[in-house]
**Student:** 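The structure follows.
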Amino acid sequence: MNAQLQTPSACPIAPPSTQEPLIGKSLEELRSLVKDMGEPAFRADQLHQWLYVHCVRNFDDMSNLKKSFRDKLAETHQVGSLSIAEKQVSQDGTTKYLFRLPDGKVVESVLMYFEERGTYALCLSTQVGCAVNCGFCATGKLGFMRNLSVAEIVEQYVYAQADSGKEVRNIVFMGQGEPMLNYDTVLQAIHILNKSAEVGMRHITISTSGIVPRIYDLAKEDMQLTLAISLHAPDNATREAIMPLNKKWPLEELMPALHHYVSTTGKRLTIEYILLAGVNDQPGHAHDLGKLLQGLKCNVNLIPYNPIGDAYGYKRPSGNAIHRFKDIVTAYGKKVTVRVERGVDIAAACGQLANKVQPV
Ligand code: SF4
């Protein structure tokens, strides 16, 4: 394997601190802070630029702020609160960042390059661990530890943007955690990413395992983002076997919520479907999926499973099984894509994020 591992000594590290991070604050919040410090309002605009346009990691780099102001800020605040515990670069250029949080816990983000479109996309985490416990997912095996804060979510983006030197214009909330179980915080983070970091709302995707009440809530928000649903099975029995949350919100509840979302927002959904050999990849499953999705404005994204050793007992379907499944669902009038996995050699693919470095 040619995957490159960068140890912390090779990466910029912010020292641990209990001071409040500035990253994650809106321009309005920075204006209020600056006013309380007796500084003119334009200082907030300068600060905002350093945080979200130049993505600097320390006060000394904020060269147009007078030293006395920087020193005063540093007494009560830090630029960001994450430090890098590990960085791995895949053979295909995918970069996995393992961030250490102020309380010592760790969380991962993945930066992917899509050659055909010439764009970068960043997969962000929203929780440490996850309570949903999908059967094929490494994060689910960690259990739920805690929600991330607005600052911790936004800083994953700011860090990756600065470290890569690339223009990262696409964000997917598809990393560790269920974003809809940290709903208010994720929405606040999206507003900062959109307004301050200027990531277009149409370039932001929230992926959910199907937290039905939050789908109705999101429909009311009038946001132009994309909603992706991890469906993974066309019937309750199969879905429940791989996604225990289906007991709480079975398809009879999930599907009406999806129809409501589309009719309220006019937006096309993305249906995510992980293909597990012999579990949900048979022709009958494909026909049932085609029928289930009839009348729903959506595209289907098939994700051939990446085995994590033999850990969970699932296997990747053959190429023939994948194409057969795709053809059947396509015949029901759906646009179906097969996801090209990124970062397989560094375990950065969907469902593989497992915080390999343990908390200190
Ligand atoms: S797939 Fe997503 S929702 Fe399911 S356990 Fe993993 S992180 Fe949680």
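In each ligand, atom 1 is the first atom listed, and ligand 1 is the first ligand listed. None of these values were measured; they are calculated from a predicted model.
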**Student:** Would you mind running through ligand 1 and noting each atom that sits below 4.0 Å from a heavy atom of Gly140?
**Tutor:** 5 (S)
**Student:** Check this for me, if you would: do Glu221 and Arg214 make a salt bridge, where the nitrogen-to-carboxylate-oxygen distance has to be below 4.0 angstrom?
**Tutor:** no
**Student:** Using a 4.0 Å cutoff against the non-hydrogen atoms of Gly177, which atoms of ligand 1 qualify?
**Tutor:** 7 (S)
**Student:** Would you call Glu152 and Arg146 a salt bridge, taking side-chain N to carboxylate O under 4.0 Å as the test?
**Tutor:** yes
**Student:** Using a cut-off of strictly less than 2.8 Å, determine whether Cys134 has an N/O/S atom near atom 4 (Fe) of ligand 1.
**Tutor:** yes
**Student:** Assess Cys137: does it contribute an N, O or S atom lying under 2.8 Å from atom 6 (Fe) of ligand 1?
**Tutor:** yes
**Student:** Output yes when Arg57 and Asp61 qualify as a salt bridge under the 4.0 Å nitrogen-oxygen rule, no when they do not.
**Tutor:** no
**Student:** Would you call Arg324 and Asp327 a salt bridge, using N to O less than 4.0 angstrom?
**Tutor:** no
